[in-house]
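As the structure is a computational prediction, the values presented were derived from the model and not from experiment. Residue numbers begin at 1 in each chain, while the letters A, B, ... track the order of the sequences.
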Amino acid sequence: MSIPLEKLKWMYETMVKIRLYEETMVQVYMEGKNPVFNIGAGTVPGEMHLAAGQEPAAVGIGAHLRKEDTVTASHRPHHNAIAKGVDLNRMTAEIFGKETGLGKGKGGHMHLFDTDVKFSCGGIVAAGVPHAVGAALAAKMKGKDWVAVAFIGEGAANAGAFHESLNLAAVWKLPLIVVVEDNSYGISVPKAVSTAVPFNAERASAYGIAGFYVRNNDPVEMYRVSEDAVKRARLGEGPALIEIETYRYLGHFQGDPEVYRGIDEVPALREKDPIVRVKSLLVEEGVSQGELNAMETRARSAVDEAYQFARESAYPQPGAALEDVFDLAAQ
Amino acid sequence: MSIPLEKLKWMYETMVKIRLYEETMVQVYMEGKNPVFNIGAGTVPGEMHLAAGQEPAAVGIGAHLRKEDTVTASHRPHHNAIAKGVDLNRMTAEIFGKETGLGKGKGGHMHLFDTDVKFSCGGIVAAGVPHAVGAALAAKMKGKDWVAVAFIGEGAANAGAFHESLNLAAVWKLPLIVVVEDNSYGISVPKAVSTAVPFNAERASAYGIAGFYVRNNDPVEMYRVSEDAVKRARLGEGPALIEIETYRYLGHFQGDPEVYRGIDEVPALREKDPIVRVKSLLVEEGVSQGELNAMETRARSAVDEAYQFARESAYPQPGAALEDVFDLAAQ
Amino acid sequence: MSTVVHRRLLTGNKAMAEAIAQEMERDENVFVMGEDVGAYGGIFGSAEGLHQRFGAERVRDTPISETAFIGAAIGAAAEGMRPIVELMFVDFFGVCMDQIYNHMAKIHYMSGGNVKLPMVLMTAVGGGYSDAAQHSQTLYATFAHMPGLKVVAPATPYDLKGMMVSAIRDDNPVIFMFHKTLQGLGWMDQLDYSVGHVPEEEYTVPLGKANVVREGKDVTIVGIQMTMHHAVEAANQLAVEGIEAEVIDLRSLVPLDKETILNSVRKTHRLLVVDEDYRSYGMTAEIAAIVAEEALYDLEAPILRLAVPDVPIPYSRPLEQAIVPGVKEIREAVEQLVRH
Amino acid sequence: MSTVVHRRLLTGNKAMAEAIAQEMERDENVFVMGEDVGAYGGIFGSAEGLHQRFGAERVRDTPISETAFIGAAIGAAAEGMRPIVELMFVDFFGVCMDQIYNHMAKIHYMSGGNVKLPMVLMTAVGGGYSDAAQHSQTLYATFAHMPGLKVVAPATPYDLKGMMVSAIRDDNPVIFMFHKTLQGLGWMDQLDYSVGHVPEEEYTVPLGKANVVREGKDVTIVGIQMTMHHAVEAANQLAVEGIEAEVIDLRSLVPLDKETILNSVRKTHRLLVVDEDYRSYGMTAEIAAIVAEEALYDLEAPILRLAVPDVPIPYSRPLEQAIVPGVKEIREAVEQLVRH
Ligand SMILES: Cc1ncc(C[n+]2csc(CCOP(=O)(O)OP(=O)(O)O)c2C)c(N)n1
Ligand SMILES: Cc1ncc(C[n+]2csc(CCOP(=O)(O)OP(=O)(O)O)c2C)c(N)n1
Ligand SMILES: [Mg+2]
Ligand SMILES: [Mg+2]
């Protein structure tokens, strides 16, 4: 196996943390939404897009990233945020709408900004890709070897912003890597109904850049492919496009009736769970059960602490709604 | 030679007509702009984008089109309009801003709409491509074998609308043909500076459709490639992308200082003039000088008549500006 | 309805979908396109049941390519089809505004009236459930500012059906804004007024007519969609205090029925305009300006405006509640107006 | 300028380009991106000479991909760069409004003030030379309606330079609208006021302050860019008739300097607002509404508004001239106001 053991351990612990985070959110999101589901009610209101099952995309490339590298993500951002090292407490507080949140409660689950680790995301499909282009451009103009990674879904690859961004980054040879998380659906619309080619990776040739398709939601393969792409980007060799076949265990958002897929689909996907697969690899590599337990415990604690921090934090004062439209210190 | 002689003759006469039309416009546009050039002054005000040199794109595919087929074009539309059979008198009157114009003077040179032959164009780069997708969709839903052709420049192929439209047409297997007229520049920006691949035709594979590149501004090759694409579209086999290397003899718009290209460039292009080449072919095929003269005279007359019609037409009454925002007969 | 009638209660979304279904039966050129309008029936139920009934040819799920498919609706409409195209949230307008604004709105004019675009763009507006800055806007004025589009925003199931029928039959492009919370969906706030009597047979409600939903002599309140419902509730509370507010449901931003507004102000001499959109350069300004131009001397108090105070819509519940005008703010504003 | 000074005359475009050049010298994070801003110097000369002076790394020609390169400016600004990005014509906003409106305008707010986007989006506005419906708009209100952006529209070479310097140094995103006809370009109408005194050294003109460009006691005319210049001309003509109009150059739509307007109306008691943008839901409405709210009792005549009468901009010269308000319409409106 060509992955350094430390990296694989980091990937495992991070995947576990992501999974626990999302599974906890499934529960927390329902608080106050029973017996009658009301999207605006409860501890965590609004839309909630969870990424349980999609961890490999986040950790496979995340293992190669540094603090100075930029990540932009989509409406389904938690796994990407966690892998980038976003402050979990403040992220969770943001999702709870608390004043201790990353955005003082103004952004919410789809709009998480952590400037310390250069993470951002947003609710408009594909709109984060141009931002990553800009971060890559800034890195290049500053003469740094930083890279920018934009995560999008396979549905987003049909948006104009995807095309424009890849062309621009290719023309300017920017250190941009676009990761397409192919979870088969854009809400209810299957990839085959929305996308003219089976693999978005094939579209890389439209920009003269390298394209990769990672099958089977495989974190190790994602790690390998990303290693190459990140290395080349740091060396100034331009952008890459990586698509990964991944699995969305939950609905598009919480509350999704999922009328568009068969009842057997998710159980079959869960059979092939990537976390289980990485765990076996670690066991094969001789990692002890004790160490595995310690990793899982650390992950669990981090998640628990984050939710507790969020719960215990205060809501912002109503008047805060009027602040932060403009930076008043400016000029 | 695999082109039926009648088609070649039509192409020749149409190319001559286009060339004469554009060359006449070069003169007419300057009326009232001397000694001081003022874009808003004179017989024909506003921006003026001419297509002298780009005739092959228009006639090579135009030879395969019927009245029921749709054509959408760009800010540089005259050649495409003429090849589609747009009423030349009313088109010219529109460009003069006269009430007899296609749009009663409201549209102007960049906004020509002739519903009789299903031609339209517009001033926003790449925006006509989705309209052609819609026409192709309508044809399909109505069970007709009509096709829709969208003409754009090579610069437009970097706009999001291009990508979205080709994907949508490919997914729905619509009878759409996108023709990219590669005249090397988007205003002042060379293709190599704006486009990550040397040939946009290569981008066809991003949509699983056929892509062609026609070299040397060759009308005959354009005819051949289009024949295939149009035939397949009529048969329901889906879209195609054709790019043609073509030449823009004039500035981006009239008045363009052309600081971005060398003084020798255009003369060298004119050496390879496609009209001259088609004329030689006709001579080779035994078409007499008399017949060629007759064709040229017909073209000249049509152009002269159109300009005269436009000149003699009246300007709209100012109050007409308030009409046609809504169709009042509606509902 | 003052006589006893059989009340056929439908939610807002079912009323809309019924209108579309009936028009699809009536005219084979009518079809629907958009993200998740197929099996899913539209995220806010606007296309509920249509896919099952009319199939995938006439109810088309699209890729996430708003420029392409809204532009395709324009192209198809120019060919005589009558597309209904959904922009899932109005907030996404920015990825496709060129098609909406430079083409859908202008082609009829630029063609000197020769090209007709009989199409409806339906889109969900509104907040109130913590969907944050990119999914909670109404953007009424953004669309109403630019000429060439009819822009309507019905507030009741009855109007949703009747105005949808009118929109589909109109030969002009229509922006049909439906408010998420007024769709009567099972997973959102349950409001009485998101369910209402809807006749089964087809009927039309004209586009461009405001509706006096409550008569009163002391003050005129102009609202639209949620703010209209809030205004009615506020008016009912104010009646207890002896203040009789007249409430106007604008229903249509373009055309704007200024006569109904002016007539009311000439009667009540006081005006409050309430909007869920941003305050500046918005709907409240336009209505205030019209009155300041045409009924200035009828006013016995300065005009008041309530709207989102020029901030993006915040996510956190207490913040969002602080900036979207509700019943309380309306009541207080009216009290201030009549005290004048 | 009442004392004799050396007048250093520059056109509008050279004033802008000088501001950019000086800021690029001062701060290496400032750079320029856009279509044809390189060798061409910007279609309307906004970047004249910059490419030659600073090279292709800092003055970047882009593909025709407004979403990508405006979005890239956002991403670069978030990293501490200070991009100036050009949208060639404001009319093209629809292909990239999502980046402008959902991101550039909102990220500072959504991040709770943590992310700063020190960027300038400069864009050409205005018609008057038969560039037709898709190339002649001003769209002032479209941008001003939505919170989170400073929106400025200077009208003189002096302000173009001073406000560009302010815009570049501002840590907030700024929409910088320059009027084509006020650039003083050799190939357009030659207007006296498109050339003016511009000091060589750097200076700032604050964003958000209106300017009383002509004092008067009888009526207040609020204009912006071309309509302000028309208003001054109309005022000079009216002075011959004994009518003294006060003319306010709005200069900035957001922030809006309502005090200057209110103070003037409190003095003149009459208000005319003139706009080159569409009338309904526009700038004229907002100004009228503010006055109707805050200075109603100071008005001695109904407010008048002049703007494009809710039609797309027609191509033909007599049609365009009929719908864009000019000196004559302003004079007539003022005469009507004072007769009141
Ligand atoms: C421009 C835009 N169009 C539509 C939407 C609504 N929307 C949100 S998520 C989504 C599906 C995205 O699919 P994909 O990119 O595959 O991501 P996934 O949800 O599968 O992670 C859609 C259509 C949006 N947010 N933005
Ligand atoms: C969306 C948009 N962006 C920019 C422009 C300005 N513009 C008009 S033509 C043009 C260049 C187009 O180049 P190309 O597509 O190659 O066509 P050509 O002019 O060479 O025929 C540009 C940038 C526009 N009209 N629309
Ligand atoms: Mg997906
Ligand atoms: Mg070109």
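- Only the side chain of D/Y297 has a heavy atom closer than 4.5 Å to any heavy atom of chain C.
- Comparing C/P302, C/S280, C/P147, C/A301 by heavy-atom pairs within less than 4.5 Å of chain D, the highest count is held by C/P147.
- Heavy-atom distances place no part of C/I287 under 4.5 Å from chain D, backbone and side chain included.
- The closest donor-acceptor contact from the side chain of C/Q225 to the backbone of C/M177 lies under 3.5 Å.
- Contacts with chain D were tallied for C/Q134, C/E294, C/M110; C/Q134 has the most, counting heavy-atom pairs under 4.5 Å.
- Of the atoms belonging to C/L253, heavy atoms from both backbone and side chain fall under 4.5 Å from chain D.
- Looking at D/M283, both its backbone and its side chain come within 4.5 Å of chain C, counting heavy atoms on both sides.
- For chain C, no part of D/T67 is nearby; none of its heavy atoms comes within less than 4.5 Å.
- When each of D/P312, D/A295, D/G148 is checked for heavy-atom pairs under 4.5 Å with chain C, D/P312 comes out on top.
- In this structure, C/Y140 and C/V125 have side chains that are in contact, with non-hydrogen atoms separated by less than 4.5 Å.
- Among D/G282, D/A288, D/A105, the residue with the largest count of heavy-atom pairs under 4.5 Å with chain C is D/G282.
- Top candidate by heavy-atom pairs under 4.5 Å with chain D, chosen from C/D277, C/V308, C/L304, C/L271, is C/D277.
- Contact check for D/I313 versus D/I323: side-chain heavy atoms found under the 4.5 Å cut-off.
- Look at D/R279 and C/E293 and you find a salt bridge, because one of the NZ, NE, NH1 or NH2 atoms lies within 4.0 Å of a carboxylate O, short of that distance.
- No side-chain heavy atom of C/I221 sits less than 4.5 Å from a side-chain heavy atom of C/I248.
- For D/L256, the part lying near chain C is the side chain, with the backbone staying farther off; criterion is any non-hydrogen pair under 4.5 Å.
- Just one residue in the list C/I100, C/V254, C/L121 forms a side-chain contact (heavy atoms from CB on, under 4.5 Å) with C/F143, and that residue is C/I100.
- Residues D/H145 and C/H145 form no side-chain contact, since every pair of their non-hydrogen atoms from C-beta on lies 4.5 Å or further apart.
- Highest contact tally toward chain D, considering only C/E286, C/H103, C/M97, is held by C/E286 [criterion: heavy-atom pairs under 4.5 Å].
- Only the side chain of D/Q137 comes within contact range of chain C, with heavy atoms under 4.5 Å apart.
- Distance alone, capped at 3.5 Å, is enough to place a donor-acceptor pair between the D/S136 side chain and the D/A132 backbone.
- At a 4.5 Å heavy-atom cutoff, the contact between D/E300 and chain C is made by backbone atoms alone.
- Proximity of a side-chain donor or acceptor of C/H108 to a complementary backbone N or O of C/V115 within less than 3.5 Å is detected.
- Residue contact with chain C, scored on non-hydrogen atoms closer than 4.5 Å, involves the backbone and the side chain of D/P314 alike.
- Contact of D/Y278 with chain C is made through backbone and side chain together, with heavy-atom distances under 4.5 Å.
- There is no side-chain donor-acceptor pair under 3.5 Å between D/T284 and D/D275.
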